[in-house]
Amino acid sequence: MKVTFNLQYNTRWGESLTLVSRDIKHPMKWNDGGIWSVTLPSCTAADLKDYTYIVIEDGLVRRTEWTHHHRKASECGATVVDSWIDCPIPGCPFPREHQAAMFDRPGYRGAGTAVPVFSLRTADDFGIGEFRDLRPLVDWAAETGQSVIQLLPVNDTTRKGDWQDSYPYSPVSSFALNPLYIRLQEAGVEPTAKFRKMQKDLNSLPAIDYPKVFKAKMSCLRKAYLAKGEKDMSRAAFKRFFKENSYWLEDYASFCAKRDGMVKEYYFWIQYHLDRQFREEAEYARSRGVSFKGDLPIGISADSADAFWHPELFNLDSTAGAPPDFFSADGQNWGFPTYNWEEMAKDDYAWWKSRLRHMSRYFDAYRIDHILGFFRIWEIPSECRSGLHGHFNPAIPYSKEEIAGMGLPLGGLFHEDPRNPGMYQPLITADRNNLMPWQRERFDALYNDFFYHRNDALWERNARLKLPELLGATGMLACGEDLGMVPDCVPGVMHDEKILSFEMSDMDKGRPWPCLSVCATSNHDLPTLRVRKADRSGSPRADPRTDEVARTLRDHLDSGSMLAIFPLQDWLALDPHLRRKDFMSERVNQPADPDHHWCFRFHLETDVLLSDSASDLNASIAGLLTRSRRGK
């Protein structure tokens with residue numbers, strides 16, 4: 001049956017309305033009286049179950065509705081008359097409704113903890129943090145007044161079970177969860193005496209022995225699958241999981257089965273248990289007023305299931321990275337391919353939307369890793385290792401004639417743009433030594449213009465084409481990691497789309513921290529607060545006092561940022577008895593080292609945070625949050 005949609009909306013010159021149903025855009029026609037309409041020749045219940053309207057101008061999404069429309073299947077064949085849905089909350093700063101209602105409260109100020117799942121420690125895990133270890137952390141956050149727990153990526157990174165797999169930003173799937181985060185006992189593994197012995201040995205290690213943990217957990221899981229897998233997969237809960245996730249699960253399981261020589265059902269079964277355990281923790285957190293904030297890696301590996309099944313979505317001849325910056329004087333090469341955005345745009349970024357919707361099963365907010373990649377990416381030819389050999393994609397390069405007309409040589413200053421043969425970009429580390437003073441002055445002006453101004457309009461449009469599409473796919477709160485060589489257009493786009501920026505006192509952007517931001521004392525790529533304070537004291541072993549730590553935390557909490565999220569190490573630094581003695585070993589990652597082992601593990605079991613020994617710490621945190629109007 002056909003159905004006609006009518007909506008009265010007064011557009012400005014150049015604007016038009018589009019109906020979006022099941023991710024398909026249906027342009028509407030203007031009629032007298034400001035009535036916009038479109039007729040779908042074949043209407044199904046799915047078309048009416050969830051749809052929305054957007055305002056388009058010059059090919060860009062300029063405005064979205066606060067929430068979506070929902071109609072009954074019985075209305076197929078009729079004329080549907082709608083009204084545009086605006087935000088009903090006076091003073092709410094966001095254009096779209098969030099699935100965690102607290103974020104939409106005017107004046108909301110929250111606080112939270114950043115922690116990698118793998119770093120958690122309890123008596124029930126198996127040498128590495130697991131999803132079930134989040135339960136006591138959630139209780140602790142709720143009791144101290146926190147509302148957010150921020151995690152590093154939790155996707156599957158399995159290749160050979162060695163140290164390379166410990167890198168959480170190199171997933172082999174954008175959808176599958178990491179098998180090492182499973183609670184073995186709840187997946188059917190019998191806690192025999194041998195199991196208890198292995199568990200005790202692995203849990204007693206000060207850091208994660210990734211290869212040993214992987215071998216032990218996979219051995220246990222294979223035995224459990226052979227014993228109970230068939231029975232588990234006959235259950236209604238498994239069939240429901242499979243139906244909801246088959247769009248990615250089939251490809252992922254086939255990829256893993258070919259890699260490991262196993263049957264694909266084995267991977268169905270593992271992901272079923274992982275999803276069940278993680279979703280239960282997410283729902284428990286929500287019931288206590290705590291939201292999980294996820295991490296969306298900017299890249300996906302060339303040896304991933306995504307790239308294997310959908311190679312057209314990636315530029316497999318190059319890798320993404322970053323130019324020289326605060327983290328690395330040599331630049332960074334992350335080792336994963338760049339995106340073929342032109343191909344992705346053909347179906348309105350369906351892969352990205354599916355990825356984000358899957359994340360929203362577990363998370364109410366997410367950090368967009370390297371949001372600059374949605375504007376432009378630092379692209380490095382696959383045969384090069386150093387980030388210094390990169391170039392921006394896309395960019396507006398120079399012709400030989402333009403360069404010659406400025407009296408500048410090519411050698412030592414420019415390199416050919418691989419995406420535009422015969423055109424040139426300035427080298428990020430150009431050799432100016434042999435230039436005449438006037439040439440040096442001219443090149444410096446060109447260099448500054450190219451990296452900060454020439455491409456601004458191109459990069460801005462690039463982001464405005466993608467980000468509204470992706471942000472509208474879910475109700476998660478979006479936060480962008482906007483550090484590094486930030487083009488001038490980035491803050492404006494983030495402000496218009498209401499994406500929270502990331503703020504740190506050590507990476508000053510030359511302006512006050514905006515309300516729509518997340519402030520932090522540190523992150524996984526940087527030294528902890530105690531290390532940085534010790535370094536500034538002139539003595540690397542001079543552990544800062546708890547009152548010094550409290551003062552810094554208080555300064556962040558008193559800021560105007562909507563969210564203040566601190567690493568768990570920095571919260572623990574408030575207590576002289578609970579803080580780690582060897583504070584120099586608390587750093588999670590060394591970004592300048594591509595072979596870094598991600599093995600950090602807390603010295604305390606997470607349950608300790610709920611014990612009497614943590615009462616002073618918890619009282620201090622609760623007091624700080626109450627004082628700064630961030631406590632729940």
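Computed from a predicted structure; not experimentally measured.
Qualifying side chain to side chain contact (heavy atoms under 4.5 Å, CB included) partners for D347, counting only residues two or more places apart in sequence or in other chains: A350. Judged as a salt bridge (Lys or Arg N to Asp or Glu O under 4.0 Å), and not counting sequence neighbours, D156 has no contacts. Taking the side chain to side chain contact (heavy atoms under 4.5 Å, CB included) definition, one finds that I24 meets it with H26, sequence neighbours left out. The side chain to side chain contact (heavy atoms under 4.5 Å, CB included) check on A141 picks up Q146, I149, V290, with sequence neighbours excluded. Applying the side chain to side chain donor-acceptor pair (under 3.5 Å) rule to W248 yields the partners N245; only residues at least two apart in sequence or on another chain are considered. Partners of E265 according to the salt bridge (Lys or Arg N to Asp or Glu O under 4.0 Å) rule, which considers only residues two or more places apart in sequence or in another chain, do not exist here. Under the ring-ring contact (aromatic ring centres under 6.0 Å, His included) criterion, F502 pairs with no residue, sequence neighbours left out. Considering only residues two or more places apart in sequence or on other chains, H68 meets the ring-ring contact (aromatic ring centres under 6.0 Å, His included) condition with none of them. Under the salt bridge (Lys or Arg N to Asp or Glu O under 4.0 Å) criterion, D317 pairs with R419, not counting sequence neighbours. Partners of Y225 under the side chain to side chain donor-acceptor pair (under 3.5 Å) rule, at least two apart in sequence or in another chain, do not exist in this structure. Legend: residues meeting salt bridge (Lys or Arg N to Asp or Glu O under 4.0 Å) with E460, ordered by chain and number and at least two apart, are R464. Judged as a side chain to side chain donor-acceptor pair (under 3.5 Å), and not counting sequence neighbours, R109 has no contacts.
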Checklist entry - So D58 and R461, salt bridge (charged side-chain N to carboxylate O under 4.0 Å, His left out) or not? Walk me through it. => result CA-CA 10 Å; D58 189 27; R461 182 172 178 84; 3.2 Å; yes

Item to check | Candidate pair R357 and D23, rule salt bridge (charged side-chain N to carboxylate O under 4.0 Å, His left out), full reasoning | outcome: CA-CA 12 Å; R357 286 176 183 139; D23 286 338; 2.7 Å; yes

Next on the checklist: Does Y267 form a side-chain hydrogen bond (donor to acceptor under 3.5 Å, both in side chains) with D260? I'd like the steps, not just the answer.
Outcome noted: CA-CA 11 Å; Y267 304 95; D260 301 337; 2.7 Å; yes

Next on the checklist: Could you walk me through whether E497 and R96 satisfy the salt bridge (charged side-chain N to carboxylate O under 4.0 Å, His left out) test, starting with their C-alpha distance in whole Å, then the side-chain angles of each, then the deciding distance to 0.1 Å, before giving a yes or no?
Outcome noted: CA-CA 10 Å; E497 296 301 332; R96 307 174 187 87; 3.1 Å; yes

Item to check | Derivation of the salt bridge (charged side-chain N to carboxylate O under 4.0 Å, His left out) call for E244 and K239 | outcome: CA-CA 9 Å; E244 292 173 353; K239 293 175 181 177; over 6 Å; no

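Heavy-atom neighbours of E230 CD from other residues, nucleotides or ligands within 6.0 Å: at or below the threshold of 12. Residue R361 places its CZ atom among more than 12 non-hydrogen atoms of other residues, nucleotides or ligands, all under 6.0 Å distant.
Taking the six-membered ring for Trp and the full ring otherwise, the centers of F103 and Y108 sit less than 6.0 Å from each other. Ring-centre distance between F5 and H69: not below the 6.0 Å cut-off. Between W269 and F238, a ring centre-to-centre spacing not shorter than 6.0 Å is recorded. The ring of F255 has its center no closer than 6.0 angstrom to the ring center of W309.
Atoms CH2 and OG, from W334 and S170 in turn, are 12.5 Å apart once rounded to the nearest 0.5 Å.
A side-chain donor-acceptor contact under 3.5 Å links N340 to the backbone of E343. Under the 3.5 Å distance criterion, the side-chain polar atoms of E65 are matched with a main-chain donor or acceptor of I85. The backbone N or O of I300 lies less than 3.5 Å from no partner atom in the side chain of S304, so there is not a single donor-acceptor pair.
For the residue pair S360/T474, the side-chain donor-acceptor check at 3.5 Å is not satisfied. Side-chain atoms of H453 and D488 form a donor-acceptor pair, as typed in the model, at a separation below 3.5 Å.
For the pair K25 and E469, the salt-bridge criterion is met [side-chain N within less than 4.0 Å of a carboxylate O]. Look at E15 and R62 and you find no salt bridge, because none of the NZ, NE, NH1 or NH2 atoms lies under 4.0 Å from a carboxylate O. In this structure, K49 does not pair ionically with D47, as no charged nitrogen and carboxylate oxygen lie closer than 4.0 Å.
Classification of the Y362-F278 ring pair by plane angle, with boundaries at 30° and 60°, yields parallel.
If you run ring-ring contact (aromatic ring centres under 6.0 Å, His included) between F374 and each of W341, Y349, W459, only W341 comes through.
In this structure, the side chains of I377 and Y339 stay at 4.5 Å or more apart for every pair of heavy atoms.
Both tests do not hold together for R355 against F175: distance to the six-membered ring centre under 6.0 Å, angle to the ring axis within 45°.
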